[in-house]
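Structure record follows, encoded as structure tokens.
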Amino acid sequence: MDYIFPPSAPVAIPVTGTTGLFPVHRIYCVGRNYEDHAKEMGHTGREAPFFFMKPADAVVLVGPGETAPLPYPSLTSNLHHEVELVVAIGKGGQNIRAQDANEHIFGYAVGLDMTRRDLQGDMKKQGRPWCIGKAFDASAPIGHITLAQQAGDIVNAEISLSVNGTERQRSTVASLIWNIAETIEQLSAAWALQPGDLIYTGTPAGVGAVVSGDLLAAHITGLESITLRLS
Ligand code: MN
């Protein structure tokens, strides 16, 4: 038997300092995982973590030093940026304990959880799934992956995003409500993690709209920065 058409090539992310490519399996995202962002979204900032997903082919790969084009998506007039630390899983597992989580982490990258906020809001009001607001084409820009052992003190890294040179978001990874290890524990209780999974760990306060022509620059200490221009 042959495929009736060629299967899609895997989405693969270069790993800094190596010739290797990290093949993406799934993209998990954590909702409202910084207290100041939870509050700006109208919540108390204290709740159990919750998750949503994006398709692997929503990735927009951004190389170091390049300005990658980012298409302005359809159907929205309120596209938001959310800068996030992305955890790349190298070893799968179910019911991983927080104290063992580090063994499962391959590396880290800078990511953007782009959001059609108007559509997400409509879905929330109606109690419907968020997919149209979160899981659209090109909704998951990401930079090259830095190996965990080369990422330095990621737990205390600064995370920030600027638009046209003006800072919009700044925090530290230490301000995560559910830290990286706890997130892996909770996530792996719900899904069997696989090598190649990416976890977008949540965004700090300062999310807001971007428009065509805007230049987005995202940084996390110790990782490859990313820059994108909205078309
Ligand atoms: Mn997010």
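Worth saying up front: this structure is predicted, and the values here are computed from it rather than measured. Note that ligands are numbered from 1 as they come in the structure, with each ligand's atoms numbered from 1 the same way.
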Practice prompt. Mind checking the CD1-OG1 spacing from I177 to T201? Nearest 0.5 Å is all I need.
Written response: 11.5 Å
Response to the item:
Between the CE atom in M114 and the CD atom in E82, the distance rounded to the nearest 0.5 Å is 9.0 Å
Worksheet item: What orientation do W191 and Y28 show, parallel under 30°, tilted 30 to 60°, or perpendicular over 60°?
Response: tilted
Item to complete: Examine W178 together with F50 and report whether their ring centres are nearer than 6.0 Å.
Response: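 When the ring centroids of W178 and F50 are compared, they turn out to be at least 6.0 Å apart.
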Fill in: Check ion pair D113-K134 (N to O, under 4.0 angstrom)
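Result for this pair is yes, salt bridge flagged.
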Worksheet item: Residues in side chain to side chain contact (heavy atoms under 4.5 Å, CB included) with H80, at least two apart?
Response: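 Side chain to side chain contact (heavy atoms under 4.5 Å, CB included) list for H80, sorted by chain: N78, T115, R117, V207, A209.
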Item to complete: Using a cut-off of 2.8 Å, find all protein N, O or S atoms closer to the Mn ion (ligand 1) than that distance.
Response: E82 OE1, E84 OE2, D113 OD2
